[in-house]
Amino acid sequence: MKKDTVIYQCQACGFVSPKWLGKCPDCGQWNSLVEEREARPLRGHRLSEISTPKPLKSISPIKEKRALTGIKEFDRVLGGGIVPGSLILIGGDPGIGKSTLLLQAMNGIIHYGNVLYVSGEESLEQIKIRSERLNITSEKILLQSETCLEEIIETARKISPVAMVIDSIQTMYSQGIPSAPGSVGQVRECAQELMFFAKKTGTSVFIIGHVTKDGSIAGPRVLEHIVDTVIYFEGEKGHSYRILRAIKNRFGSSNEIGVFEMTDEGLKEIENPSEIFLSERPEGATGTVVTASIEGTRPILLEFQALVSPATFGVPRRTSIGVDYNRVNLLIAVLEKKAGIHLIGMDIFVNVVGGLKILEPAADLAIVTAMSSSAKDIPVDPHTIVFGEIGLSGEIRAVSHADLRLKEAQKRAFKRAIIPKANAERLKGNFSLEIIGVKELNEAMEYLFR
Ligand code: TYD
Ligand code: MG
């Protein structure tokens with residue numbers, strides 16, 4: 001028999017080396033190489049029975065009948081319900097509510113058949129306590145406390161559930177691999193086995209994944225390639241709001257978000273996030289402005305805040321929360337050069353209220369407006385919203401979905417919108433709010449602070 005070969009595998013990216021190294025040459029992580037046994041060669045699994053090529057035209061599309069959980073925010077993030085046979089990874093910090101969310105979601109699909117909830121972390125009694133809190137008592141939810149993957153798949157074959165939950169992938173191990181549970185080798189092997197199981201049987205499989213200290217799922221690249229959908233469950237410590245965000249979705253749009261609130265009776269969905277995010281807006285304060293951002297397919301109104309104050313000591317501090325740091329620095333330079341607002345030697349803090357992360361360039365105008373308002377010490381009219389991308393020469397560029405953004409603003413009774421001129425000229429809908437198209441940063445500043 002061939003002796004097992006020892007390899008060293010990076011726990012962050014899956015890089016393999018024959019000898020130990022202090023730093024992974026692939027992803028640059030320090031101290032991430034761990035001794036593992038070489039995985040046995042993959043068995044001859046196939047996703048479908050056909051292995052001869054077929055003309056594209058002759059293949060009929062899957063008539064997917066998505067299972068709806070009834071939790072609208074959850075269904076929407078998945079792209080309109082759970083696709084049979086899909087493998088979905090849900091990542092998030094410990095204690096954020098992953099187990100709660102999935103138990104509630106499973107309870108929502110029991111009218112399609114049995115569901116299997118496998119926990120490697122909690123005892124059945126602990127899960128029972130949670131389900132009592134959530135008022136979930138169905139006979140169709142089958143619980144199993146198990147960590148051996150082969151046993152789990154065996155059970156699942158017998159009861160053929162509509163969906164199953166693996167809580168969490170880091171506690172599972174496959175007998176075929178000698179490495180410890182939670183190592184890249186194990187995580188990958190288990191995910192692969194579950195993928196084959198899901199595709200063969202049509203059972204949808206949810207995998208809960210823990211997030212490491214730097215915010216990525218352990219063995220992230222390895223897992224994200226295997227699964228169909230990657231969803232993150234995020235929230236700020238101390239806040240009760242939780243955001244479900246699709247990062248990758250083979251069956252729907254990525255970047256889609258769902259908003260929840262953690263209450264005493266589990267997670268409650270929030271259908272009107274704009275209302276929540278704007279609920280605590282300060283009146284007449286400087287350095288705050290509202291923008292309409294598109295998250296996936298949905299417009300959300302958000303408040304941007306900035307604080308600009310003279311640096312008291314040495315190099316000025318620049319901090320950004322919820323927006324890209326480099327983007328903020330770029331916008332500071334544009335403001336300084338093109339709008340003549342003095343920002344050198346100022347401490348600048350930019351924050352998106354509500355703990356959301358906004359990475360689309362359409363937020364540029366809001367960031368700039370908030371900073372200018374704080375620097376000039378003039379408040380922005382509270383009934384005005386702004387959006388638009390800003391170029392390096394101070395030009396305001398068109399953004400996508402201007403109509404959607406304006407409609408949302410109109411719904412929340414905003415009276416004025418300052419938007420890119422190119423967008424203003426191409427609007428399709430009829431709007432009752434005043435729309436001001438601007439081409440240049442200075443033009444926008446004039447309307448905002450005259
Ligand atoms: P949990 O789903 O166990 O988190 P995860 O699986 O992501 O680690 O939820 C943990 C937290 O949620 C816990 O601190 C208690 C809180 N919680 C509520 O506030 N209300 C509830 O109804 C439930 C079930 C949990
Ligand atoms: Mg849990």
Side-chain angles (χ1 to χ4, degrees), residues 69-74 77-78 82 87-110 115-138 141-147 149 152 163-173 181-182 186-187 190-191 194 204-220 223-224 227 229-247 257-270 276 354-355:
T69 60
I71 306 172
K72 287 199 206 94
E73 297 287 292
F74 187 78
V77 170
L78 288 177
I82 305 168
L87 186 65
I88 299 150
L89 172 65
I90 298 202
D93 289 331
I96 204 81
K98 302 178 295 294
S99 307
T100 309
L101 177 71
L102 283 178
L103 196 58
Q104 285 181 274
M106 290 304 108
N107 186 48
I109 56 169
I110 43 177
V115 295
L116 177 62
Y117 192 106
V118 186
S119 182
E121 304 199 329
E122 292 162 308
S123 66
L124 299 182
E125 291 72 25
Q126 279 172 302
I127 304 174
K128 174 76 185 166
I129 294 171
R130 176 178 300 122
S131 70
E132 266 171 4
R133 215 169 151 181
L134 302 172
N135 230 338
I136 291 174
T137 50
S138 172
I141 300 178
L142 304 166
L143 298 179
Q144 189 183 12
S145 189
E146 179 61 65
T147 53
L149 189 79
I152 294 167
M164 67 191 249
V165 176
I166 304 293
D167 191 358
S168 64
I169 190 77
Q170 276 90 3
T171 56
M172 301 296 155
Y173 72 95
Q186 279 291 2
V187 165
C190 292
L194 288 166
S204 312
V205 180
F206 288 87
I207 297 178
I208 292 180
H210 282 297
V211 163
T212 54
K213 255 185 259 138
D214 58 357
S216 50
I217 297 172
L223 266 184
E224 289 183 4
V227 301
T229 304
V230 180
I231 295 176
Y232 275 88
F233 203 34
E234 318 167 337
E236 300 250 326
K237 286 261 143 62
H239 281 280
S240 59
Y241 298 118
R242 303 277 184 269
I243 289 155
L244 195 62
R245 184 190 295 275
I247 303 291
I257 67 162
V259 185
F260 293 89
E261 184 179 6
M262 180 62 96
T263 68
D264 285 345
E265 285 138 28
L267 290 154
K268 292 251 152 53
E269 47 186 325
I270 291 175
I276 302 285

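Just follow the structure's listing: the first ligand is 1, and inside any ligand the first atom is 1.
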Item to check | Test log, rule side-chain contact (heavy atoms from CB on, under 4.5 Å), inputs I136 and I141 | outcome: CA-CA 9 Å; I136 291 174; I141 300 178; 3.5 Å; yes
Item to check | Test log, rule side-chain contact (heavy atoms from CB on, under 4.5 Å), inputs I90 and L102 | outcome: CA-CA 9 Å; I90 298 202; L102 283 178; 3.8 Å; yes
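Residues of the protein with a heavy atom under 4.0 Å from ligand 1 are D93, P94, G95, I96, G97, K98, S99, T100, R130, R133, L134, M262, T263, D264, E265, G266, listed by chain and number.
Looking at heavy atoms from C-beta onward, Y117 lies in side-chain contact with S99 at the 4.5 angstrom threshold.
With 3.5 Å as the limit, one finds no donor-acceptor pair spanning the side chains of S119 and Q144.
For the side-chain hydrogen bond (donor to acceptor under 3.5 Å, both in side chains) test, no residue two or more places apart in sequence or in another chain qualifies with T100. Considering only residues two or more places apart in sequence or on other chains, R130 meets the salt bridge (Lys or Arg N to Asp or Glu O under 4.0 Å) condition with E122.
For the pair E234 and R245, the salt-bridge criterion is met [side-chain N within less than 4.0 Å of a carboxylate O].
Of all the heavy atoms in S145 and L124, the pair that sits closest is N-CD2, 3.7 Å. The two residues T69 and A105 make their nearest non-hydrogen contact at CG2-O, 3.7 Å.
Annotation: protein N, O or S atoms under 2.8 Å of the Mg ion (ligand 2) (waters excluded) comprise S99 OG.
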